[in-house]
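Protein chains get the first letters and strands the later ones, always in sequence-line order, with residue 1 at the start of each.
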There are 2 protein chains.
Amino acid sequence: MVQSETKTVDERVALRRREILHAASTLFRRRGLQRTGMRDIARALGVAVGQLYYYFENKEALLAYCQEVCLERLLTESAMIRREKAPASVRLSRLIEAHLRCLNEEIPGSLAHLEVESLNEPTKQRILRLRKKYEEALIGLLKEGQADGTLVASDPVLTVRLLLGALNWSVKWFNRDGSTTLDSLVQTAQAYLVPLTPRPPARRVTTSESSS
Amino acid sequence: MVQSETKTVDERVALRRREILHAASTLFRRRGLQRTGMRDIARALGVAVGQLYYYFENKEALLAYCQEVCLERLLTESAMIRREKAPASVRLSRLIEAHLRCLNEEIPGSLAHLEVESLNEPTKQRILRLRKKYEEALIGLLKEGQADGTLVASDPVLTVRLLLGALNWSVKWFNRDGSTTLDSLVQTAQAYLVPLTPRPPARRVTTSESSS
DNA sequence: TTAGTTTCTGAACCATGGTTCAGAGCGAAA
DNA sequence: TTTCGCTCTGAACCATGGTTCAGAAACTAA
């Protein structure tokens with residue numbers, strides 16, 4: 001709306017796209033995909049419905065962009081975190097935090113992968129590919145944890161699905177204006193969902209222990 | 001369809017209702033709530049659309065019944081399990097299994113609580129009350145676990161939400177004709193999601209322990 | 001000012017899908 | 001056989017909501 005200055009056409013378009021995405025994402029998150037109409041999104045932006053179709057082909061494209069943006073961000077962060085030089089357990093902790101923040105902080109991506117089923121085949125496949133890539137990053141991290149002895153996971157694949165479920169489900173109940181803070185959620189999730197080995201690796205050279 | 005014999009009218013109606021619920025639940029689960037129309041349900045049963053409205057007021061009622069049946073079952077089972085005389089940790093294990101089976105076995109309830117947002121206020125409140133009751137049973141169990149020393153959970157309320165997320169999310173990906181069996185899912189979930197105390201309570205009277 | 005391009009408008013179009021309803025089978029009692 | 005409920009039918013009704021489009025507004029360049 002307020003982007004005078006000297007900007008190329010493409011830049012202005014890209015900017016407006018983001019603004020629309022932002023509004024759409026917020027509503028999708030708040031009222032659910034099916035229950036937010038194009039007219040709702042337009043009203044939230046204070047414009048006419050037709051304008052949305054000037055920037056996006058259709059509603060599905062809007063949803064697809066939302067999911068892509070969110071997944072790209074998750075992939076970027078996970079790649080960075082995996083590269084860090086730290087025990088797998090603490091990297092998993094970081095990843096859990098990143099994931100929860102990506103889904104619940106501010107206004108963003110919101111419905112991570114949810115709702116893939118209402119996309120047409122080509123788009124759906126693209127999203128699923130990204131999703132799979134992310135899942136595999138997590139599985140890899142779990143396996144590294146087994147290797148460095150900080151994590152236990154009998155079945156990394158299923159464990160990751162359970163982990164993602166616990167995290168993704170938060171979009172269903174976590175309410176920023178609710179009583180629980182995002183920080184406390186992150187803490188609890190880290191404590192609960194990082195499958196530390198029962199007895200953390202000794203920090204001293206000695207193996208003696210006193211059982212109070 | 002095939003219930004001749006001597007049955008009172010109410011009995012026949014109740015039976016047919018179950019049949020319809022069964023078909024509806026299956027489709028809701030398979031294609032999602034929004035993407036299954038009344039006509040789809042009718043077709044699956046081999047009858048005309050109108051018949052559905054002879055047994056149920058509307059689509060919403062159909063959904064509400066699905067959720068109620070599922071939640072009632074969960075509540076019944078959780079009540080039984082909580083009453084058992086066993087460490088909280090093993091009762092939690094049982095509950096996890098019961099929950100996963102209820103959601104994914106055979107054809108049943110399927111979308112546990114999901115989709116509450118597409119119910120009108122009175123119905124929604126009724127479902128939410130049941131859901132809350134179930135959540136509180138789980139929270140209670142976690143607290144008992146802290147008391148008897150078998151479980152750890154810094155924040156029982158949030159932990160339960162994460163746990164339920166992990167379990168509920170399974171309806172999004174678990175596919176009975178897929179490669180993973182329900183049994184292996186149950187096992188992995190129990191191993192991952194029961195927050196055992198790092199060092200299980202001694203089973204002997206003595207407290208001496210040998211490391212290595 | 002004029003011409004041309006970009007951006008926006010909103011009424012209208014149209015498919016989808018929940019819902020209704022007048023009437024038809026059908027079994028049981030009279 | 002007739003009557004009377006109980007079941008069922010499916011075409012039609014109608015609201016919702018995604019989408020289109022002819023034109024207006026805004027803005028730039030000549």
Side-chain angles (χ1 to χ4, degrees), chain A residues 1-25 27-28 30-66 115 117-120 123, chain B residues 1-21 23-25 27-28 30-66 115 117-120 123-124:
Chain A
M1 272 310 207
V2 195
Q3 76 275 74
S4 48
E5 309 309 313
T6 39
K7 291 273 174 72
T8 143
V9 179
D10 289 347
E11 283 174 338
R12 280 212 315 278
V13 169
L15 230 69
R16 188 91 188 103
R17 280 192 160 213
R18 266 180 227 290
E19 290 174 342
I20 292 175
L21 238 21
H22 187 284
S25 182
L27 289 183
F28 286 162
R30 191 149 47 216
R31 293 178 211 164
L33 177 60
Q34 319 292 337
R35 275 166 293 289
T36 66
M38 288 286 133
R39 297 180 231 280
D40 296 327
I41 299 171
R43 196 178 320 120
L45 286 162
V47 300
V49 232
Q51 189 179 150
L52 301 178
Y53 289 86
Y54 183 79
Y55 291 95
F56 292 92
E57 194 179 342
N58 50 31
K59 185 181 181 181
E60 194 189 314
L62 260 166
L63 174 63
Y65 274 96
C66 282
E115 307 286 359
E117 31 279 325
S118 42
L119 295 171
N120 59 28
T123 318
Chain B
M1 270 317 205
V2 195
Q3 76 274 76
S4 47
E5 310 309 315
T6 38
K7 293 273 174 73
T8 145
V9 179
D10 288 348
E11 283 174 338
R12 281 211 315 280
V13 168
L15 230 69
R16 189 93 188 100
R17 280 193 160 212
R18 267 180 226 290
E19 290 174 341
I20 293 175
L21 237 22
S25 182
L27 290 183
F28 285 162
R30 192 149 47 215
R31 294 178 211 163
L33 176 61
Q34 318 292 336
R35 274 166 295 287
T36 66
M38 286 288 138
R39 296 182 231 282
D40 296 327
I41 300 172
R43 197 178 320 120
L45 285 161
V47 301
V49 232
Q51 189 179 148
L52 301 179
Y53 289 86
Y54 183 78
Y55 291 96
F56 292 91
E57 194 179 343
N58 50 31
K59 186 180 180 182
E60 194 189 313
L62 223 49
L63 174 63
Y65 273 96
C66 281
E115 307 286 359
E117 31 278 326
S118 42
L119 294 170
N120 59 28
T123 317
K124 187 175 173 179

C:dT7 P sits how many Å from A:Glu19 CD, rounded? 13 Å
The criterion is ring-ring contact (aromatic ring centres under 6.0 Å, His included); which residues satisfy it with B:Tyr65, sequence neighbours excluded? B:Phe56
Starting at atom CZ of B:Arg35, determine the distance to atom P of C:dG17, rounded to an integer number of angstrom. 10 Å
I'd like to know if the side chain of B:Glu117 reaches the main chain of A:Gly32, judged simply by a donor and an acceptor atom lying under 3.5 Å from each other, with no hydrogens or angles considered. no
Would a 4.5 Å heavy-atom cut-off, applied to side chains only, mark B:Met38 and B:Leu62 as touching? yes
Taken to the nearest whole Å, CD/B:Gln34 to C1'/D:dT16 is 13 Å
Distances for protein N/O vs nucleotides 24-30 of chain D N/O pairs under 3.5 angstrom?
none

Any non-hydrogen side-chain atom of B:Lys59 less than 4.5 Å from a side-chain atom of B:Leu33? yes
Given side chains that start at C-beta, do those of A:Leu15 and A:Glu11 come closer than 4.5 Å, heavy atoms only? no
OP1 or OP2 of D:dC8 sitting under 4.0 Å from any side-chain N/O of B:Tyr55? yes
Closest contact, heavy atoms only, B:Ser118 versus A:Arg35: CB-NH1, 3.5 Å
Check the distance between C:dT9's P and A:Leu52's CG and give it to me in whole angstrom. 10 Å
Would you say the side chain of A:Leu45 lies within less than 4.5 Å of the side chain of A:Leu52, judging by non-hydrogen atoms? yes
Is any side-chain nitrogen or oxygen of B:Gln51 closer than 4.0 Å to OP1 or OP2 of D:dT7? no
Heavy-atom closest pair, residues B:Leu27 and B:Thr36: O-CG2, 3.3 Å
D:dT9 P sits how many Å from B:Arg43 CZ, rounded? 14 Å
Could you tell me whether B:Arg18 atom CZ has more than 12 heavy atoms of other residues or ligands within 6.0 Å of it? no
Within the 4.0 Å limit for protein heavy atoms, which parts of nucleotides 19-30 of chain C are touched? Write it as a string from 5' to 3', B for base, S for sugar-phosphate only, - for none. BB----------
Please report, rounded to the nearest Å, how far the C1' atom of C:dT7 is from the CZ atom of A:Phe56. 15 Å
Of the nucleotides D:dC8, D:dT9, C:dC8, which has the atom closest to the B:Val47 side chain? D:dT9
A:Tyr54 side chain N/O closer than 4.0 Å to the phosphate oxygens (OP1, OP2) of C:dC8? no
Counting only side-chain heavy atoms from C-beta out, which of C:dT6, D:dT7, C:dG10 sits nearest to A:Ala48? C:dG10
Rounded interatomic separation in angstrom, taking CG from B:Asp10 and C1' from D:dT7: 15 Å
